[in-house]
Amino acid sequence: MRGMYKGMSSPMAGVAAINGIVFGVHGSIISRVSDPDSLRTHFFSGAAAGLCQGFVSSPMELLKTRMQVQTEVAKPMVQSLSTAAHSSSTVANSTSYNSPMDCLRKIVTTEGTRGLFRGQAITLMRDVPGFASYFISYEWMVRTFGGCEEEASTLVILGAGGMAGVVSWVLTYPIDFVKSRIQADGVGGINQYKGIIHCLQKSVAEDGWGCLTKGLNSAIIRAFPTNAATFVVVSWTLKLLGNNEPMEENDDLHEVIVKGKGDKLVYAMESPEPLNQTKPFNQPSYPSLNIDYSSYTSFYANYAEDTILERSKKFMKPINNAMRQCSQCGSQNEEKGEEYITYGMGTGCHCEDTWVVRQEKLTEICSSMRSIHFDRDHQNLSNSL
Ligand SMILES: NC(=[NH2+])NCCC[C@H](N)C(=O)O
């Protein structure tokens, strides 16, 4: 049994490093852009993640490919020569590797440092679209089948992650095939292919178009479970680290304001109507808050309402949690953040006390948002604030 896991440690370290880059780059782009929830954002941050990891995965896959082809080509040769010429430097240098490190050393000595980047361009050609399609399809599936990422069940994440891997490999497999041939070529400086196009032409001429999907089945069988597990581990880890927990109110406020969403949220929170209905801006929803809506009109005219809703949902969580239990009658309110936003601050509980606390909170939050907004953009709002 142990033999089946031989040589596992270096690929394992490699996969960890690559996934670290992939999810690190993707996640940090998502958290910095103004529309983190759009599928387009996931597409482009996936592409960027694919680009960054490509510089690590290409040399690593080169070593893997070289280690694998030597088993097919060189080992019998080495074995048959083992008594006579095992020490012969030509054979040892060009074809037989004891370990990935040994392989790396031999590539550098025979092909130079540049040799390590054989197949670099085509790896990027595979991985930029590969990871763009990976993330956009994952995101799309999670939303379609599981509501939103924070609510999606493990089963949905497993399915969406697995399918994202499959989709990305089906789309990029022919490129991967050419990449593998290019990386297997050039051992000891002898080149069969002059470049990507030449390799493609030669392969198709010799083996037919069908060769471009050779091995696709095994790639799919590998991709589903690997990527299902990857996404589950990533989402569990983020949860453990508290990424999806409602943030401290002020952190959340800060985030929202720094990203320039404060004004939108003020509106989102103060609007008692569903945001997708048109509401006359100059009618106060909460007279006690004394907000002059007339000055808001120019601001809200251009807002993408789904963005407001998405952002607000997250923002409302802490408030929601704070308000969930009515302090007067002790009843639990089950509303989701979305409802608070869509229907203003209305809840199932109409206790006077709940209402007062809620309104105080709202006033407090609105005013801190407004004062910061005021700093950012005095021309328009200064009079009303
Ligand atoms: N074609 C791609 N590169 N797709 C991205 C999927 C990457 C994923 N870690 C896998 O190896 O399955």
Side-chain angles (χ1 to χ4, degrees), residues 7-30 39-65 67-68 100 117-142 149 157-184 196 199-200 211-238:
M8 279 279 286
S9 54
S10 42
M12 260 163 63
V15 168
I18 286 183
N19 278 330
I21 300 175
V22 167
F23 286 92
V25 171
H26 176 263
S28 64
I29 295 180
I30 294 286
L39 288 177
R40 210 171 124 245
T41 301
H42 285 273
F43 181 86
F44 286 112
S45 18
L51 180 78
C52 297
Q53 64 81 52
F55 294 96
V56 180
S57 69
S58 177
M60 266 178 36
E61 288 181 26
L62 176 71
L63 299 185
K64 192 185 78 182
T65 309
M67 297 287 295
Q68 283 170 342
F117 294 94
R118 168 184 290 275
Q120 182 62 66
I122 190 152
T123 303
L124 296 178
M125 285 163 66
R126 177 197 69 182
D127 286 349
V128 170
F131 281 94
S133 59
Y134 184 62
F135 280 105
I136 197 176
S137 55
Y138 173 76
E139 234 13 79
W140 181 83
M141 283 183 277
V142 162
E149 175 144 33
I157 298 177
L158 276 173
M163 282 312 294
V166 171
V167 166
S168 76
W169 280 111
V170 167
L171 292 176
T172 56
Y173 197 78
I175 313 178
D176 183 66
F177 176 84
V178 175
K179 187 229 65 157
S180 301
R181 286 213 162 167
I182 285 177
Q183 289 192 326
I196 297 170
C199 174
L200 178 66
C211 75
L212 295 179
T213 52
K214 216 170 117 193
L216 177 59
N217 285 344
S218 354
I220 291 175
I221 292 169
R222 183 204 72 93
F224 191 93
T226 327
N227 293 294
T230 303
F231 275 101
V232 167
V233 169
V234 169
S235 77
W236 283 359
T237 310
L238 291 179

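Being a predicted model, the structure only gives us computed values, none of them experimental. Counting convention: from 1, in listed order, for ligands and their atoms alike.
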At less than 4.0 angstrom from any non-hydrogen atom of Phe131, what atoms of ligand 1 do you find? 3 (N), 5 (C), 7 (C)
Of the protein's non-hydrogen atoms, which lies at the shortest distance from [atom], and what is that distance?
atom	result
atom 1 (N) of ligand 1	Thr172 OG1, 2.9 Å
atom 11 (O) of ligand 1	Arg222 NH2, 2.7 Å
atom 9 (N) of ligand 1	Asn227 OD1, 3.6 Å
atom 3 (N) of ligand 1	Asp127 OD1, 3.0 Å
atom 4 (N) of ligand 1	Ser168 OG, 2.8 Å

Do the rings of His26 and His42 sit parallel, tilted or perpendicular, given the 30° and 60° boundaries? tilted
Look only at interatomic distance and state if Trp169 has a nitrogen or oxygen under 3.5 Å from any nitrogen or oxygen of ligand 1. yes
Residues Tyr138, Phe131; criterion ring pair (Phe, Tyr, Trp, His ring centres under 6.0 Å); working and verdict: CA-CA 10 Å; Tyr138 173 76; Phe131 281 94; over 10 Å; no
Once you round to the nearest 0.5 Å, how far does CG of Leu63 lie from OG of Ser58? 9.5 Å
Could you give the distance from CD1 (Ile220) to CE (Met163), rounded to the nearest 0.5 Å? 8.5 Å
Among side-chain atoms of Asn227 and Tyr134, is any donor-acceptor pair under 3.5 angstrom? yes
Can you check whether Gly119's main-chain N or O pairs, donor with acceptor, with Thr123's side chain at less than 3.5 Å? yes
